[in-house]
**Student:** 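Before we start, here is the structure in question, set down as structure tokens.
All heavy atoms count here, side chains included; hydrogens, waters and symmetry mates do not. Residue numbering restarts at 1 for every chain, and letters A, B, ... go by the order of the sequence lines.
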Amino acid sequence: MRKMKILIIDDNTTHSKILMEEIYKIGSPNYDFVIISDGIKAFDILQNDYSYDLIFIDIKLHGIDGLQIAKYIKREPDSKNTFVIVFSSSVSEEDIHKAKEIGVDGYISKPSQKSEEVFEEIRRLVKGVKKGKIKSQRGFKIYG
Amino acid sequence: MDHHYGLIILDGNDQIIFSSPLVRQKLYRNIRGLNIKKVLDTNSFIKLSSEKVDLKNHQWCYLRLNLTDNNMEAIPCECIIRRFDKTNDLRFSILVFPVFQEHKQNKISPEQEMKQYSQNIFHDLNEYLFTISSEISKLKEMNRDDYKTFQESIEIMDKNIEGLSFLIGNLSTYAQISKQLNKRKTNLYEVIEKACNSIIQTTKEHNIEKLDFKIFENGEEKFKCEEPRKTLLVNNKNRLNFQVYCDSDFLQRVFINLLVNALKYSRDQKPPTIRIDLNNETNGYIIKINDNGIGIRKVDQKNIFQRGFRSPIAFVQDCNGSGLGLAISKEIVELHNGKITFDSKKGEYTEFKITLPK
């Protein structure tokens with residue numbers, strides 16, 4: 001079975017690792033993770049590799065707004081079907097609105113206390129995307 | 001600051017391999033495949049300032065340009081050109097920031113302003129808390145014998161708690177600043193000593209291993225610290241000379257903010273050198289805080305005391321920050337009938353000078 005490729009773009013690598021560990025809890029070994037903390041390097045990687053199944057992206061990155069990257073992914077024909085989730089501490093309505101306009105598939109606010117429910121929802125989402133049950137561009141959803 | 005950045009990515013031969021929609025929109029065309037210098041030279045929509053671009057020797061540099069919007073109005077922008085390596089192939093990226101403009105009257109209401117600050121602050125608080133609580137739950141689940149993971153977790157939490165307490169310190173000052181000051185006759189040394197100690201403790205958060213920290217009194221060296229996280233104890237007999245009528249908690253916050261900036265914006269390749277000069281002069285006490293950090297660019301100099309201002313450089317250097325620190329500091333110094341000024345040269349030093357009446 002093909003491994004699911006997940007890209008996490010977050011300048012706080014501790015957060016990326018937490019997310020990765022939580023997804024690993026699904027139990028199946030079929031996940032490949034790429035963690036990037038530099039938004040501009042993420043651009044570079046995305047120019048050459050369109051094979052990601054799921055991308056988590058933070059908004060506030062060093063040097064660049066993560067929504068710009070999300071916008072790019074959703075505009076390019078090769079990557080527009082990739083499932084993109086914004087994973088951010090921002091709760092500004094403006095950011096959520098922008099994310100929706102760009103056409104990302106969902107928005108998850110980083111919980112201020114590590115919450116089992118939020119991660120349970122993320123695991124459900126990952127499993128759904130993996131099995132092809134949840135497809136990109138079915139509309140915008142706020143998770144958690 | 002509005003977060004719409006244009007982005008141009010170049011390959012090793014200065015050919016544009018990517019331009020973001022904002023840039024394409026501003027230029028009315030796709031510039032993929034063109035040479036950046038040609039685009040900058042020939043495009044009337046982009047006007048470069050006199051600042052030279054030296055891509056060879058720097059990780060990143062700046063230029064200012066004017067982009068024209070749909071109404072043919074020129075928007076002054078700043079670019080950060082950043083270089084990064086990819087299998088020995090040098091690449092550059094250009095980020096375009098609209099220049100920070102003072103809040104125009106009627107444009108942004110105090111309520112909106114307040115909302116923006118609280119969103120920024122919420123973001124930073126949430127980041128710290130999420131990390132700490134995740135580490136705690138990791139500790140709860142982990143194997144008790146795994147000492148290395150345990151140690152790592154504690155360190156991550158420690159760093160985040162330091163960041164958190166700094167932010168909360170600034171917030172609490174901000175919340176009380178309109179309140180009447182609780183002024184008492186205090187020794188300035190005591191205030192500075194407390195601030196220095198709390199800063200020397202936070203060197204860990206900024207990953208600083210070496211430090212060159214000195215305090216001078218009327219030109220004479222009184223204290224030296226090279227080991228981060230060493231406690232500063234000023235000799236008692238010095239304490240008599242600098243009596244100030246002040247609210248020591250507030251004043252301490254000023255020194256903490258200035259010192260934290262000196263550490264935060266230090267240059268990577270050099271250990272931070274911080275020198276505090278205390279001078280007892282006839283018209284008051286003059287305190288200078290000098291560092292060998294990245295300096296403040298000319299274009300940012302008029303804005304640094306404004307609430308909510310963050311230089312694009314802060315984006316490259318360090319992401320967190322509420323943009324409140326210097327604004328608060330200025331307010332506090334002025335509430336003490338003092339004055340705060342600074343002098344800085346990009347890439348060399350910054351020196352803040354505080355004058356307090358006797």
**Student:** Which residues pass the side chain to side chain donor-acceptor pair (under 3.5 Å) test with Lys74(A), not counting sequence neighbours?
**Tutor:** Asp105(A), Ser136(A)
**Student:** Atom CD in Glu21(A), atom OG in Ser134(B): separation rounded to 0.5 Å?
**Tutor:** 9.0 Å
**Student:** A quick test of your reading: do over 12 heavy atoms of other residues, nucleotides or ligands sit less than 6.0 Å from CD of Gln151(B)?
**Tutor:**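 Yes - once you tally the heavy atoms of other residues, nucleotides and ligands closer than 6.0 Å, there are more than 12.
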**Student:** Any chance you could lay out the side chain to side chain contact (heavy atoms under 4.5 Å, CB included) test for Gln113(A) and Ile132(B), step after step, and finish with the verdict?
**Tutor:** CA-CA 8 Å; Gln113(A) 278 211 326; Ile132(B) 296 165; over 6 Å; no
**Student:** Show the nearest heavy-atom pair for residues Ser89(A) and Asn126(B), with the distance to one decimal.
**Tutor:** OG-ND2, 3.1 Å
**Student:** Quick one, Asp124(B) and Lys60(A) - any side-chain contact, counting heavy atoms below 4.5 Å?
**Tutor:**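 Answer yes - side chains close enough.
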**Student:** Is it the case that atom CZ in Phe122(B) sees more than 12 heavy atoms from other parts of the structure closer than 6.0 Å?
**Tutor:** yes
**Student:** What pair of heavy atoms forms the shortest contact from Ser133(B) to Ser112(A), and how long is it?
**Tutor:**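 Answer, listing the atom of Ser133(B) first, then Ser112(A): OG-O, 3.6 Å.
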**Student:** Within a reach of under 6.0 Å around NZ of Lys17(A), are more than 12 heavy atoms found that belong to other residues, nucleotides or ligands?
**Tutor:**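 No, NZ of Lys17(A) has 12 or fewer neighbouring heavy atoms, counting only those of other groups under 6.0 Å.
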**Student:** Given 3.5 Å as the limit, does a donor-acceptor pair link the side chain of Asn12(A) with the main chain of Glu127(B), or not?
**Tutor:** no
**Student:** Glu152(B) versus chain A, heavy atoms under 4.5 Å apart: side chain, backbone, both or neither?
**Tutor:**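 Nothing of Glu152(B), per the 4.5 Å heavy-atom cut-off to chain A.
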**Student:** Using heavy-atom distances under 4.5 Å, tell me whether Asp95(A) contacts chain B through its side chain, its backbone, both, or neither.
**Tutor:** neither
**Student:** Does some side-chain heavy atom of Ile59(A) sit less than 4.5 Å from a side-chain heavy atom of His123(B)?
**Tutor:** no
**Student:** Run the salt-bridge test on Glu141(B) and Lys25(A) with the 4.0 Å N-O cut-off and return the result as yes or no.
**Tutor:** yes
**Student:** Parallel, tilted or perpendicular: which describes the rings of Phe87(A) and Phe130(B), with under 30° parallel and over 60° perpendicular?
**Tutor:**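 Perpendicular, since the angle between the ring planes exceeds 60°.
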**Student:** Which atoms of Thr14(A) are under 4.5 Å from chain B, going by heavy atoms: the side chain, the backbone, both sets, or neither?
**Tutor:**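 Only the side chain of Thr14(A) comes within 4.5 Å of chain B.
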